[in-house]
Amino acid sequence: MAEYLQKLIIITAPSGAGKTSVTKYLLDKIPQLSFSVSATTRKPRSNELNGVDYYFITEEAFHQKIQEDDFIEWEMVYEGKYYGTFKSELQRIWDENKTPMLDIDVKGAIHVHEQFNSNCLTLFIEPPSVEELKKRLQSRGTESLESLQTRLNKAVYELSFKEHFNKIIINDKLDDACKDAESAVRKFLGL
Ligand code: 5GP
């Protein structure tokens, strides 16, 4: 397995825990960070841009990239939907003398952590409760009843892995969660 000496930061959580808000806050506050754009085979949502939110690629292209060993990690996060982090994406960010920030699922986070060990900071954003998580997902309005249930089942499963991560941040109040995450990142990067 390749050994990486550069640093990276991973933010992970069950879907709807507030991971995206915390990620945006950190990217805003800490200019040394750069968002690692993942590849996915899911369709773009109406507000999403190719190359900014994700690299939207076909399943065929995704499998080709797996064959070519282009991913640092990849997962079928939801039934039939693939997500992965390109090695070249991390390199692009390191070449800019910045630290990649990955917003990836729990399994992917564990895989990357294994490859980077102490060069990697893993933040796990925990929702205050599963009930609250359900409310947040419903109010987001992007999920069908079926995909809401799929995401909730997955969330309960993912919560059972929280002890694997460097820091658990409970997102009861978003402001506090953001500040906790910021201080952990600053400490890790020596800022
Ligand atoms: P969404 O479809 O809502 O954008 O993302 C679904 C899930 O996929 C989120 O938990 C997100 O963090 C995760 N995800 C996004 N990119 C990657 C990736 O490159 N690898 C893995 N393992 N998960 C990812």
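The residues of the chain are indexed from 1 along the displayed sequence. Both ligands and their constituent atoms are indexed starting at 1 by order of listing.
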| said: Is there a polar contact, in the sense of an N or O pair closer than 3.5 Å, between W74 and ligand 1? | reply: no

| field | Per-residue contact class, R151 against ligand 1 - non-hydrogen pairs under 4.0 Å | value | side chain

| query | For ligand 1, is there an N or O atom under 3.5 Å from any N or O atom of E75? | reply | no

| query | Should Y78 be counted as touching ligand 1, given the test is an N or O pair under 3.5 Å? | reply | no

| query | Which bit of K19 gets closer than 4.0 Å to ligand 1, counting heavy atoms only: side chain, backbone, both or neither? | reply | side chain

| Does G84 offer a backbone N or O that forms a donor-acceptor pair with the side chain of K65 under 3.5 Å? | no

| message | Using a 4.0 Å heavy-atom cut-off, which part of R45 comes near ligand 1: side chain, backbone, both, or neither? | response | side chain

| query | Is it true that the side chains of E182 and Y25 contain a donor and an acceptor less than 3.5 Å apart? | reply | yes

| request: Measure V77 to ligand 1 on non-hydrogen atoms and call it side chain, backbone, both or neither using the 4.0 Å cut-off. | output: side chain

| Y83-Y54 aromatic ring centre distance below 6.0 Å | yes

| field | Whether F71 lies under 4.0 Å from ligand 1, heavy atom | value | no

| query | Under a 4.0 Å heavy-atom limit, does R42 contact ligand 1 with its side chain, its backbone, both, or neither? | reply | side chain

| query | Which of these passes ring pair (Phe, Tyr, Trp, His ring centres under 6.0 Å) with F71: Y82, Y55, F86? | reply | F86

| task | Please write down residue, atom name and distance for the protein heavy atom closest to atom 2 (O) of ligand 1. | result | Y83 OH, 2.5 Å

| request: Ignoring hydrogens and angles, tell me if any N or O in the side chain of N171 forms a donor-acceptor pair with the backbone of I125 under 3.5 Å. | output: no

| message | If I apply the N/O under 3.5 Å rule, does G84 come out as touching ligand 1? | response | yes

| field | Aromatic plane relationship, W94 with F116 - under 30° parallel, 30 to 60° tilted, over 60° perpendicular | value | tilted

| query | Are L148 and V156 joined in one hydrophobic group, where the rule is that I, L, V, M, F, W and Y side chains link up if heavy atoms are under 4.5 Å apart? | reply | yes

